[in-house]
Amino acid sequence: MLVVMRHDATPADVERVCRTIVEMGYEARPLPGAQRTAVGLVGNDGRVDASRVAGLSGVAQVIHVTQPYKQVSREWRPENTVVTIAPGVSFGGREVPVIAGPCSVESEAQILAAAHAVRAAGAAALRGGAFKPRSSPYAFQGLGRRGLELLDLARRETGLAIVTEALDEEGAHLVAEVADCIQIGARNMQNYSLLRAVGRIGKPVLLKRGMSATITELLLSAEYVLAEGNTQVILCERGLRSFDPLTRNLLDLTAIPTVQRLSHLPIVADPSHGTGVRDKVTPMARAAVAAGADGVIVEVHPDPDRALSDGAQSLFPAQFAELVGELHTIAAAIGRELAAPPSPAGANGTSAALGTASAAIG
Ligand code: PEP
Ligand code: MN
C-alpha cells in the first residue's frame, strides 16, 4: 500500500503517517519524489485496511498495489529507477551501457587482453566470472579469489566498471569488495537467502532471469533485494530453456517492454547465453537495443576457441567492435545513446582491499 501525501503536507503529517503504519504492525518507507511524497507500507502479503491512515492530515490518496511484487512495481514508483554502477555507467536512463568480457576470468593475460579490447571497442563495463556456476562439478569452476584480484587489476588498467557473479552468501561479501555490480546468475534467481544477502550488502545487483522463470517470478525475486532496502537492481533477460536444440536458449525479447511496463527497474539483455551460438549473438544484441533494452551484456574472449567456458558463444574482439558500431546507430534511431567508455582518467587505481573476507573461498 502507498499513502500519497498532499503537496502541502508538513513533515509532521508524514511523520504521523509513518507512526500509524508502524502501530499497525508494518514497516513505513517514506518515499520523497520529484512529483509527490508518498509513504510506502512494507510487510503485507495481502490487502491492508487503509481506514486508519486514509483520514490522517496531509493524506491525498491511498493506493493499493495490486501486483504481488510491491516495491518493484510501477504502481509503487512511476518514474524509472536509474542504477549507477560507477561514474558515467548508468542503466535506466537515456544511455545504454554495454557490458562485455569473457565468461570466466582465466588468467591475467586473458582478462587484461579482454578488458583492453572491449574498452577500445566502446564497452562501459567488464564482465567475467571468478566464481562460475557450472552444470558439471568437474568443469572449470573459476579462479575464485584470484579472479577477483585480476578483475581489480583490469579496472585499474582500463577504468571499466566490473560486473561479476556471486554464487553464495559468503562469496557475495568477497565479490562485493571488488565488484561495482554483483551478478546473480540464472540458476540462483530463486536463491532467496542470497537475494536477501545482496540486498543487505547494498551494492548494485544484476539479477538474471532463471531459465524457466516467469516474468512475475523474476520481479518477485527482485522484490527480495528491494525488501532489504537495496533499490539498485538491474534485471537481465538471458533466455529461456526451449524445445529447440539449434539454440542453447530462447531469448525472450518480449520481456523487455513487458518488464518496463510493470516495473521501474532497468532491464538489460544477454544475447550470449540467450542464444548460445556465436553467429546469433550480434543479430539478437541489435534486436535487444531496438526493443528498448537498458543495456546489453555480451561475452567476448580474446581467443574464444581456447576459452575455458562458453567459447562457442563468445565473440571475437573484432566482431564485438563491429557490433558496438551498429548499436550506436540503432540506439540513436530510438532516441537513445550508447554510454561512452570511461575516460582514461577513470583508470585511477581504485583498489579494493581483498584482505578481510574469508580466504577459504576460491
Ligand atoms: C554467465 O553470465 O556467464 C552465466 C553463467 O550466466 P547465466 O547465469 O545467465 O547462465
Ligand atoms: Mn557464460
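In each ligand, atom 1 is the first atom listed, and ligand 1 is the first ligand listed.
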(request) May I have the angle between His273 NE2 and Glu299 OE2 with its vertex at the Mn ion (ligand 2), rounded to 10°? (result) 90°
(request) Working to the nearest 0.5 Å, report the span between CG of Asp310 and OG of Ser104. (result) 7.0 Å
(request) Could you please spell out the steps behind the side chain to side chain contact (heavy atoms under 4.5 Å, CB included) verdict for Gln319 and Arg278? (result) CA-CA 10 Å; Gln319 291 177 310; Arg278 184 176 303 133; 3.3 Å; yes
(message) Could you check whether Glu299 and His273, counting side-chain N and O atoms only, form a donor-acceptor pair closer than 3.5 Å?
(response) yes
(request) Please go through Val39's hydrophobic cluster and name the other residues, only I, L, V, M, F, W, Y counting, with side-chain heavy atoms under 4.5 Å joining them. (result) Met1, Val3, Met5, Val14, Val17, Ile21, Met24, Tyr26, Leu41, Val48, Val53, Leu56, Val59, Val62
(request) Would you name the N/O/S atom of Asp310 that lies closest to the Mn ion (ligand 2)? (result) OD2
(request) Going by heavy-atom distance to atom 5 (C) of ligand 1, choose the closest among Pro102, Gly185, Pro133. (result) Pro133
(message) With heavy-atom distances below 4.0 Å as the criterion, list the atoms of ligand 1 near Arg238.
(response) 7 (P), 9 (O), 10 (O)
(request) Would you please say whether a donor-acceptor pair under 3.5 Å links the side chains of Asn249 and Thr247? (result) no
(request) Any atoms of ligand 1 less than 4.0 Å from a non-hydrogen atom of Glu299? List them with their elements. (result) 3 (O)
(message) If you take the nearest heavy atom of each of Lys208, Arg209, Arg127, which one is closest to atom 6 (O) of ligand 1?
(response) Lys208
(message) Checking Glu106 against His301: is there a side-chain donor and acceptor pair closer than 3.5 Å?
(response) yes
(request) Report, in ascending order of atom number, the atoms of ligand 1 lying under 4.0 Å from any heavy atom of Cys103. (result) 3 (O)
